[in-house]
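So the structure is just underneath, and the comments pick up after that.
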Amino acid sequence: MKSKITSEVLDNVFFNDGSLRDIYVLDVDLVDWQKFYDWIYLSRWEITLYKDGLETVNEIKNVIELFEERENHSILLSIDIDGAALINCHFFSKDEMEFDVNPIDIKSLNEANAVFGFMKKLSSVLDKEIFLTEENMPEHPLVTIKSDDALFIHI
């Protein structure tokens with residue numbers, strides 16, 4: 001069902017159950033990862049790279065190098081969406097993008113719209129569907145963004 005963002009969305013998508021919400025992009029490859037990486041660093045958002053839990057200056061331009069670093073280190077890319085939401089990317093897999101957001105931080109429609117705005121832009125950049133789910137549940141989307149910018153809420 002095509003959906004409008006309401007307070008019901010906050011209650012049914014960003015409910016606080018102690019777990020995170022995951023954002024998934026499935027069936028990606030290194031070309032998609034590079035598109036994401038180039039796009040995110042050109043965005044207006046504040047980007048912070050963590051290596052082994054420590055903030056680090058990012059001098060890596062090629063996403064392949066990040067995955068090589070990931071073999072020996074924990075890598076986390078935090079994306080601050082205009083102070084409204086913090087979205088983290090973990091580089092777990094070359095064939096799946098996974099981001100997370102803490103639902104405790106999403107208390108208003110403005111903050112929810114910041115998350116959905118990120119998802120819509122990412123979908124447009126990659127020309128792929130994007131799913132927001134409960135933690136580690138990619139097969140049960142709460143929200144789907146289609147590559148044509150349509151947003152569907154499954155509540």
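- Side-chain N or O atoms of Ser93 include one that pairs as donor or acceptor with a backbone N or O of Asp95 at under 3.5 Å.
- Residues Ile79 and Thr48 form no side-chain contact, since every pair of their non-hydrogen atoms from C-beta on lies 4.5 Å or further apart.
- Between the Trp33 side chain and the Lys94 main chain, a donor and an acceptor come within less than 3.5 Å of each other.
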Verdict with reasoning, Val101 to Leu86, per side-chain contact (heavy atoms from CB on, under 4.5 Å) = CA-CA 6 Å; Val101 62; Leu86 186 65; over 6 Å; no
Mind running side-chain contact (heavy atoms from CB on, under 4.5 Å) on Trp39 and Lys121 for me, showing each step along the way?
-> CA-CA 10 Å; Trp39 164 71; Lys121 288 176 184 170; 3.5 Å; yes
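- Among all heavy-atom pairs drawn from Val115 and Ile87, the shortest one is CA-CD1, 4.4 Å.
- Put simply, the side chain of Ser123 never gets that close to the backbone of Lys120: no donor and acceptor are under 3.5 Å apart.
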Asn110 and Ser108: side chain to side chain donor-acceptor pair (under 3.5 Å), yes or no, with the steps?
-> CA-CA 5 Å; Asn110 181 56; Ser108 71; 4.8 Å; no
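- How far CD1 of Ile64 is from CD of Gln34: 7.5 Å, rounded to the nearest 0.5 Å.
- A tilted orientation is assigned to the rings of Phe14 and Phe116, their planes being inclined by 30° to 60°.
- Interatomic distance, Met119 CE to Leu132 CG, rounded to the nearest 0.5 Å: 5.0 Å.
- Ring geometry, Tyr37 versus Tyr41: the interplanar angle exceeds 60°, so the pair is classed perpendicular (tilted spans 30 to 60°).
- Follow the hydrophobic side-chain contacts under 4.5 Å out from Phe67 and you reach Ile47 in the same cluster.
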Should Ser74 and Asp52 be marked as a side chain to side chain donor-acceptor pair (under 3.5 Å) after you check the CA-CA gap, both sets of side-chain angles, and the distance that decides it?
-> CA-CA 5 Å; Ser74 162; Asp52 295 330; 5.0 Å; no
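- Salt bridge annotation for Asp27-Lys128: absent, with no cationic side-chain nitrogen under 4.0 angstrom from a carboxylate oxygen.
- Checked by atom type and distance alone, the side chain of Asn12 never pairs as donor or acceptor with a backbone atom of Val9 at under 3.5 Å.
- Clustering ILVMFWY residues whenever any of their side-chain heavy atoms sit less than 4.5 angstrom apart, transitively, puts Val63 in a cluster other than the one holding Tyr50.
- Here the side chains of Ile153 and Leu142 are not in contact, with every heavy-atom distance at 4.5 Å or above.
- The environment of CD in Glu59 is sparse: at most 12 heavy-atom neighbours from other residues, nucleotides or ligands sit within 6.0 Å.
- Salt bridge annotation for Lys61-Asp38: absent, with no cationic side-chain nitrogen under 4.0 angstrom from a carboxylate oxygen.
- When the side chains of ILVMFWY residues are joined at heavy-atom separations under 4.5 Å, either directly or via intervening members, Met137 and Val25 end up in two distinct hydrophobic clusters.
- In this structure the side chain of Ile106 reaches within 4.5 angstrom of the side chain of Leu10, judged on heavy atoms.
- Taken from CD in Glu98 to NE2 in His90, the straight-line distance is 6.5 Å, to the nearest 0.5 Å.
- Asp105 contributes no side-chain N or O that, together with a main-chain N or O of Ala85, makes up a donor-acceptor pair within less than 3.5 Å.
- Other residues, nucleotides and ligands contribute over 12 non-hydrogen atoms within 6.0 Å of the CD atom of Glu135.
- Cluster annotation: Leu77 and Tyr24 are assigned to distinct hydrophobic clusters (Ile/Leu/Val/Met/Phe/Trp/Tyr, side-chain heavy-atom contacts under 4.5 Å, transitive).
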For side-chain contact (heavy atoms from CB on, under 4.5 Å), just list the numbers for Ile23 and Met97, CA-CA rounded to whole Å, side-chain angles, deciding distance to a tenth of an Å, and then say yes or no.
-> CA-CA 8 Å; Ile23 298 170; Met97 291 184 189; over 6 Å; no
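- Leu76 and Phe118 fall into different hydrophobic clusters, defined by Ile, Leu, Val, Met, Phe, Trp and Tyr side-chain heavy atoms under 4.5 Å apart, directly or through other members.
- To the nearest 0.5 Å, atoms CD1 (Ile104) and CG (Asn16) are separated by 4.0 Å.
- Here Thr133 contributes atom OG1 and His154 contributes atom NE2; the two are 11.0 Å apart, rounded to the nearest 0.5 Å.
- A donor-acceptor contact shorter than 3.5 Å links the side chain of Arg70 to the backbone of Phe91.
- Between the side chain of Arg21 and the backbone N or O of Phe15, at least one donor-acceptor pair lies under 3.5 Å.
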Take Asp80 and Trp45, measure what side-chain contact (heavy atoms from CB on, under 4.5 Å) needs, and give me the verdict at the end.
-> CA-CA 6 Å; Asp80 183 342; Trp45 300 318; 5.8 Å; no
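- Between Phe99 and Phe36, a ring centre-to-centre spacing shorter than 6.0 Å is recorded.
- Asp32 and Leu126 get closest at one heavy-atom pair: O-CD2, 3.3 Å.
- With salt bridges taken as basic N to acidic carboxylate O contacts below 4.0 Å, one links Glu69 and Lys51.
- To the nearest 0.5 angstrom, Ile130 atom CD1 is 8.0 Å from Ile145 atom CD1.
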